[in-house]
2 protein chains.
Amino acid sequence: MSTLSDVAAVAGVSKATASRALNGRGLVAPETAGRVLAAAARLGFVPNRAARELARGRSGIIAIVVPTLDNTFFTPIIAGAQARAEEAGFQLTVAVHGPDAPGAFARLASQVDGFLVVAPRGSDTLVVGTSAAKPAVLVDREIDGMTSVVADTAAAFGTLTTWLAAQGHERIVYVGGPEGSWQDRQRTAAVQDAARRAGAGLTVLGPCPATFAAGVEVTPAVLETGATAVVPYATSIGLGLLLALGTRGVEVPRDLVVSTEPTVIEALGLEHTPAIDVDGEELGRTAMGLLVRLLDGQDEPGRQVRLAVPVRG
Amino acid sequence: MSTLSDVAAVAGVSKATASRALNGRGLVAPETAGRVLAAAARLGFVPNRAARELARGRSGIIAIVVPTLDNTFFTPIIAGAQARAEEAGFQLTVAVHGPDAPGAFARLASQVDGFLVVAPRGSDTLVVGTSAAKPAVLVDREIDGMTSVVADTAAAFGTLTTWLAAQGHERIVYVGGPEGSWQDRQRTAAVQDAARRAGAGLTVLGPCPATFAAGVEVTPAVLETGATAVVPYATSIGLGLLLALGTRGVEVPRDLVVSTEPTVIEALGLEHTPAIDVDGEELGRTAMGLLVRLLDGQDEPGRQVRLAVPVRG
DNA sequence: TTCGTGGATGGAACCGGTTCCATGGGACCC
DNA sequence: GGGTCCCATGGAACCGGTTCCATCCACGAA
């Protein structure tokens with residue numbers, strides 16, 4: 001492992017100049033910079049992260065805190081954040097916050113430069129309090145004063161409901177998400193509003209955890225309403241529904257339309273089925289982008305970004 | 001943020017002694033150590049990770065490299081590894097290796113102390129070569145000379161096949177996993193062996209990517225064989241099968257038995273359906289445990305651990 | 001009493017970068 | 001031609017720990 005001193009020696013300059021040349025800061029003669037860069041390349045120089053962190057007083061690590069890894073809604077977010085972090089020269093660590101969220105934050109806070117917080121549930125004050133120690137960006141939820149980025153699924157659910165009503169569906173079911181979910185509150189309101197405007201009957205079921213099993217379980221209740229269209233909170237719930245409907249001989253979408261996401265439609269060859277298309281990677285990427293700006297002081301906390309969510313009718 | 005110097009000053013000792021007391025190494029008089037610990041507690045001292053890394057020449061970070069986060073087989077492994085890493089005082093970063101696996105390794109290698117490698121596919125030499133720079137533990141795959149831990153699903157698949165044959169199934173289908181998968185080779189061999197011994201007819205389909213959509217797609221081919229039992233490589237494939245069978249009016253398990261995992265059985269209320277129960281968290285925990293021992297020099301590379309996988313008939 | 005021994009402690013070097021500050025030299029202007 | 005200013009560069013301090021080595025002290029043995 002070669003060090004900065006080695007590079008400096010080979011290039012015939014001091015450590016100080018070598019450091020400046022490699023970081024692109026400060027003023028270095030182009031010719032000198034070229035020599036340093038060449039030397040670094042030849043030696044395969046990789047800066048020692050620990051030394052850099054110590055000198056800069058920054059860890060270069062960002063933590064993304066998610067409730068679980070078992071929900072495929074979160075994983076693309078992580079992937080997107082990871083990609084963007086790498087571009088910006090940060091490392092990402094994934095922390096799963098179980099029941100002991102505050103404890104987990106406290107332990108991490110001194111180790112990282114900032115947080116990406118994915119906390120769909122839990123009280124506002126808890127989220128704010130635990131992530132106050134370091135700059136943080138809230139993902140897919142909004143709290144006043146906190147920087148956040150959300151997929152505007154509420155609007156998408158509204159559009160989708162309107163579309164269903166326009167297709168002649170007079171009885172629609174919305175299967176709600178987990179208890180206390182911020183997004184569920186938004187979506188419920190949007191769906192109710194859209195149904196009311198369109199004059200369609202709406203039944204709201206739930207709360208339901210965002211799992212496959214919950215979708216299976218809620219199926220009888222859905223059928224009981226006599227509805228011709230279902231809008232489930234999450235893809236996992238929708239899959240559970242589809243599976244349970246299949247075993248009951250209910251044909252989709254002939255007997256009942258179940259809204260879902262494009263990948264499911266494609267996989268199953270469903271037709272005449274509406275879908276919303278949340279780009280989780282984009283969500284993660286954007287959130288990380290905001291956090292990097294916060295850390296660089298290019299942005300003040302509190303900015304709220306909404307990403308449009310396409311609806312495919 | 002208080003530093004070691006602060007702690008030393010408060011305790012009335014030198015930095016050297018304070019360090020020794022806090023790390024439990026070297027010899028420190030019990031009375032002195034007590035004073036240092038008390039001072040540290042009072043000041044809320046948290047050692048600066050970067051400084052410690054720099055001095056020790058160890059980063060304290062371990063990377064787990066997975067092919068994707070979208071497969072729920074990998075995520076519990078990460079969770080288990082994460083838990084064990086925390087116990088041992090390591091941080092875990094999750095790296096997703098896309099097409100550029102060697103590049104990803106090279107960039108990471110200088111930043112971390114070791115690797116957990118989850119590489120179900122890809123050639124042996126590639127895996128060995130890319131992870132040779134740092135101590136590594138291979139997860140759910142075996143390569144001579146590398147430390148590894150695998151869930152012995154091959155044995156479980158064999159047992160399961162035997163059980164199916166004993167239940168009277170004369171025609172069985174095994175839906176194979178992704179092309180080049182090490183586990184798939186093991187499982188195929190085990191299933192073939194068990195079927196032959198039991199005198200049951202076996203059709204091997206595939207290769208199939210471990211996705212939901214692949215399960216849907218393979219369904220017609222499965223039905224065509226006239227088999228009464230299917231053993232899919234992965235849970236995701238099995239779910240696709242179940243879904244597609246439902247839409248075709250094939251009742252499970254009356255018309256066709258589909259082996260799966262316990263959580264699916266429970267969710268769907270399936271009966272008379274065999275399941276194998278891979279404990280992903282345990283896999284991750286064990287792998288991390290092995291890596292920690294490697295890093296501490298308590299173990300030589302090359303140890304291979306197999307975890308038994310229960311079969312529920 | 002003195003020497004040897006070993007445990008507790010402190011001083012200081014060191015890990016590998018970053019950055020403040022001082023210095024030197026060249027170009028430009030008067 | 002001389003003075004000024006600015007830019008490129010180097011020296012050295014510093015980030016906050018760890019650890020080698022020397023020192024000091026107390027105790028037991030000769």
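Within every chain, numbering begins at 1; the chains are lettered A, B, ... in the order of the sequence lines, protein sequences first and strands thereafter.
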Review point. Within less than 4.0 Å of OP1 or OP2 of C:dT9, is there a side-chain N or O belonging to B:S14?
Key: no

Point to revise | Residues B:R141, B:D124: salt bridge by 4.0 Å N-O rule | key: yes

Review point. Reckon A:S19 has a side-chain N or O less than 4.0 Å from the OP1 or OP2 of C:dG17?
Key: no

Check your understanding: Is the number of heavy atoms from other residues, nucleotides or ligands under 6.0 Å of A:R42 CZ greater than 12?
Key -> no

Point to revise | Gap between atoms CZ and C1', on B:R52 and C:dG17 respectively (whole Å) | key: 20 Å

Study note, to complete from the structure: Of the listed D:dC7, C:dG17, C:dC15, the closest approach to the B:A55 side chain comes from C:dC15

Point to revise | Whole-Å distance separating the CG atom of B:L27 from the C1' atom of C:dG10 | key: 15 Å

**Study point:** Heavy-atom donor-acceptor pair, B:R20 side-chain to C:dG10 base, under 3.5 Å
**Key:** yes

Exercise for review: Would you indicate what A:T3 reaches in the nucleic acid, counting non-hydrogen atoms under 4.0 angstrom: base, sugar-phosphate, or nothing?
Suggested key: sugar-phosphate

Check your understanding: Between the base of D:dG17 and the side chain of B:K15, is there any donor-acceptor pair under 3.5 Å?
Key -> yes

**Study point:** Minimum-distance nucleotide (side-chain atoms of A:A51 versus C:dG16, C:dT9, C:dT19)
**Key:** C:dG16

Check your understanding: In whole angstrom, what separates B:R35's CZ from C:dA8's P?
Key -> 14 Å

Review point. For DNA chain C, whose closest nucleotide is more 5', that of A:L4 or that of B:E31?
Key: B:E31

Review point. Are OP1 or OP2 of D:dC15 and a side-chain N or O of B:N48 less than 4.0 angstrom apart?
Key: no

Practice item. Can you tell me the distance, in whole Å, between the CG atom of A:L22 and the P atom of C:dG17? Key: 9 Å

Practice item. Would you kindly give the CZ-to-P distance between B:R56 and D:dT19, to the nearest whole Å? Key: 6 Å

Study note, to complete from the structure: Rounded to whole Å, the CD-C1' distance (B:Q111 to C:dG17) equals 13 Å

Check your understanding: Counting only heavy atoms not in A:D144, do more than 12 fall under 6.0 Å of its CG?
Key -> no

Review point. Quick check: does any side chain N or O of A:R35 sit under 3.5 Å from a backbone N or O of A:A11, one acting as donor and the other as acceptor?
Key: yes

**Study point:** Contact under 4.0 Å: A:T32 side-chain N or O vs D:dT9 OP1/OP2
**Key:** yes

**Study point:** Donor-acceptor under 3.5 Å (A:R303 side chain, A:L290 main chain)
**Key:** no

**Study point:** Distance, rounded to the nearest Å, where A:N23 contributes CG and C:dG17 contributes C1'
**Key:** 9 Å

Point to revise | B:R58 CZ - C:dG16 P separation (whole Å) | key: 16 Å

Exercise for review: May I ask you to say what A:A16 touches in the nucleic acid, namely base, sugar-phosphate or nothing, with a heavy-atom cut-off under 4.0 Å?
Suggested key: base

